[in-house]
Amino acid sequence: MKKLFQSLVLASISTSISFADPLTEAPPNELTWKTYDAVSAHASQTLEETLYFKVDWKNDVLGAQREAYQKDKPIVMILFFGDHRSNC
Amino acid sequence: MLNSDFVSLASSDVAYKNLSDTLKAKGEYQFLKKSLSKGKHGIHQGVYIVTPSGKLIKQIGWGWPLPDVDKINAQLKQSITEYQMMSRAERLGDVLLTEKDRSMPVESSLSPPRPWLQLRNTTRSYQFSEMNLFDIRHPAFVTVDKLWFSGLEKLQFVPSNTAKGTLEKVAPKALNTMLLNSHLITGRSAWWAEHIQKAEMEMKVVSSTNKQVVIYYRGTFNMHADSKWCKESYVGKLLGKAAWNPSRKQFTSFEWVSLGEHEIDKLKSNMHRGSNQSVTVASRLVLDPQHECEQGIAPANWPNNYARELRAEVK
């Protein structure tokens with residue numbers, strides 16, 4: 001589900017998905033102050049992953065239906081198990 | 001497109017399905033049920049486009065486990081076209097839900113006391129042999145969580161003497177919440193206190209003024225579990241930097257970064273693929289940026305794995 005959410009957000013802005021960096025990075029031999037920034041960057045969310053936060057998400061069906069009715073727009077309805085961290 | 005052409009909803013199908021019959025009889029649940037009645041599985045995990053009148057336009061999704069962004073983009077555009085071609089009555093119907101139709105109780109927003117240290121945690125594995133997108137350890141996935149320390153607990157990460165050059169040890173117990181709640185690995189494991197074989201951290205004051213104390217951290221961890229619920233080990237190191245405001249008694253910046261080897265003796269069919277038991281994993285903890293959609297969300301293991309006195313402080 002996590003990748004589907006991310007893809008949905010990317011698709012909505014017509015951006016291609018890029019897994020290149022986290023997939024190909026090899027870990028350093030050890031964590032030192034020299035490797036600190038690279039390890040920190042690897043553990044961080046990518047630009048694509050943070051786009052999720054730019055969407056104005058409604059948390060319940062009632063709020064979404066009300067706004068969609070008033071603005072005459074369709075509803076994109078993501079249903080998942082868990083919360084916005086989408087770890088499940 | 002999501003903000004301009006749609007109203008975007010993200011919610012739990014399970015929470016709706018678990019409502020009482022009384023709440024399910026109300027308008028909100030009935031709208032959801034009607035909207036997805038022509039879907040493959042009714043109210044179920046997925047991405048759907050529906051009209052405010054409660055008509056399903058399309059279920060979105062293309063490609064698994066790696067969705068096809070271009071095809072999803074086409075589906076979104078096609079949904080907008082279909083919506084615009086409908087009559088006003090078909091699009092909107094004649095029901096505008098109101099508070100009396102509410103089925104899902106308004107979420108109680110958890111908010112820790114201001115002096116608490118609220119961290120946000122992201123964790124990602126590195127590439128490993130036989131990696132597969134089904135596997136939660138795949139580096140395409142980042143695990144997100146929160147980690148809270150009470151106002152008193154956070155003081156354990158500030159040296160008692162803040163003069164430049166001071167080197168002090170952090171009490172091992174102060175690290176339990178981080179280690180036992182799996183903040184240094186992807187996924188969550190059932191760690192117990194006795195599984196922590198080594199948890200050492202020292203902190204050093206590298207600069208100090210009346211306004212700011214800069215502290216560097218260095219930690220070493222060794223965990224090993226052989227219980228019915230957890231047969232895993234973790235060996236890792238942590239480095240970190242933080243800036244402490246002594247007058248406000250708050251961290252103004254905070255970052256802990258860890259790198260370690262996480263080994264799972266018994267891989268699980270619903271989470272893992274292949275035979276690789278050991279992966280290198282990186283983790284990062286920073287001050288919680290309080291993303292709007294994550295506000296009010298507690299750490300994944302809250303309240304069970306937090307001390308009773310801490311639970312009592314959170315409203």
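In what follows, every chain begins at residue 1, and chains take the letters A, B, ... in the order their sequences are listed.
Annotation: maximal heavy-atom pairing with chain A below 4.5 Å, among B:Lys237, B:Arg102, B:Lys71, B:Arg218, occurs at B:Arg102. With respect to chain A, the highest number of heavy-atom pairs below 4.5 Å among B:Ala282, B:Ser35, B:Gly260, B:Ser8 belongs to B:Ser8. Most heavy-atom pairs under 4.5 Å with chain B: of the set A:Glu30, A:Arg66, A:Lys54, this distinction falls to A:Arg66. If you tally non-hydrogen atom pairs under 4.5 Å between each of B:Asn121, B:Val281, B:Thr98, B:Thr123 and chain A, the highest count goes to B:Thr98. Put simply, of B:Ala15, B:Gly240, B:Gly236, B:Ser283, the one with the most heavy-atom pairs under 4.5 Å next to chain A is B:Gly240.
Within 6.0 Å of atom NZ in B:Lys24, more than 12 heavy atoms from other residues, nucleotides or ligands are found, so the atom counts as buried in its surroundings. Counting non-hydrogen atoms of neighbouring residues, nucleotides and ligands closer than 6.0 angstrom, the CG atom of B:Asp94 reaches no more than 12 such neighbours. Heavy-atom contacts from other residues, nucleotides or ligands closer than 6.0 Å to NZ of B:Lys58 number more than 12.
Residues A:Leu31 and B:Val257 come closest through the heavy atom pair CD2-O, 3.3 Å. In terms of heavy atoms, B:Phe6 sits closest to A:Ile75 at CD2-C, 4.5 Å. Taking all atoms of both residues into account, the shortest heavy-atom contact from B:Tyr48 to A:Leu79 is CE1-CD1, 4.0 Å. Between A:Ser40 and B:Glu255, the shortest heavy-atom contact is OG-OE2, 2.8 Å. Here the closest non-hydrogen pair linking A:Ser44 and B:Thr122 is CA-OG1, 3.8 Å. Across every non-hydrogen atom of B:Leu92 and A:Ala68, the tightest pair is CD2-O, 4.4 Å.
Taking 4.5 Å as the limit, some side-chain heavy atom of A:Tyr36 sits within range of a side-chain heavy atom of B:Lys241. Within the 4.5 Å cutoff, the side chain of B:Tyr126 has heavy atoms near those of the A:Val39 side chain. A heavy-atom distance below 4.5 Å is not found between the side chains of A:Val76 and B:Leu9. A:Asp60 places a side-chain heavy atom less than 4.5 Å from the side chain of B:Glu28. At a threshold of 4.5 Å between non-hydrogen side-chain atoms, the residues A:Val61 and B:Ser11 do not count as touching. Proximity of B:Leu96 to A:Gln70: side-chain heavy atoms (C-beta onward) are separated by under 4.5 Å at one or more points. Two residues are said to be in side-chain contact when any heavy atoms from C-beta on lie closer than 4.5 Å; B:Val7 and A:Lys58 meet this criterion. Contact of the A:Pro74 side chain with the B:Thr51 side chain is not registered, since no non-hydrogen atoms from C-beta on lie closer than 4.5 Å.
For a residue to count as touching a neighbouring chain, one of its non-hydrogen atoms must lie under 4.5 Å from one of that chain's; by this rule B:Ser258 touches chain A with the backbone only. With a 4.5 Å cut-off on non-hydrogen atoms, B:His44 touches chain A through its backbone but not through its side chain. For A:Thr32, the part sitting under 4.5 Å from any heavy atom of chain B is the backbone (N, CA, C, O) and nothing else. The part of B:Leu36 that comes within reach of chain A is its side chain, from C-beta onward, which places non-hydrogen atoms under 4.5 angstrom from that chain. At a 4.5 Å heavy-atom cutoff, the contact between B:Ser4 and chain A is made by backbone atoms alone. Contacts between B:Arg91 and chain A at a heavy-atom distance below 4.5 Å involve the side chain alone, from C-beta outward. Within the 4.5 angstrom heavy-atom criterion, only side-chain atoms of B:Thr280, from C-beta onward, approach chain A. Looking at B:Phe128, neither its backbone nor its side chain comes within 4.5 Å of chain A, counting heavy atoms on both sides. The contact between B:Asp5 and chain A is made entirely by backbone atoms, counting heavy-atom distances below 4.5 Å.
Interatomic distance, A:Met77 CE to B:Asp13 CG, rounded to the nearest 0.5 Å: 11.5 Å. For the atom pair NZ of A:Lys73 and CD1 of B:Ile80, the computed distance is 10.0 Å after rounding to the nearest 0.5 Å.
In summary, the side chains of B:Arg120 and A:Gln45 do present a donor paired with an acceptor at a separation below 3.5 Å, with no hydrogens or angles considered. A side-chain N or O of B:Tyr83 and one of A:Asp72 form a donor-acceptor pair less than 3.5 Å apart.
In this structure, B:Arg124 pairs ionically with A:Glu49, as a charged nitrogen and a carboxylate oxygen lie closer than 4.0 Å.
No donor-acceptor distance shorter than 3.5 angstrom exists from the side chain of B:His291 to the backbone of A:Tyr52, with no hydrogens or angles considered. Here the side chain of A:Gln65 pairs a donor or acceptor atom with the backbone of B:Val95 at under 3.5 angstrom.
Under the 30°/60° scheme for interplanar angles, the aromatic rings of A:Trp33 and B:Tyr216 are found to be tilted.
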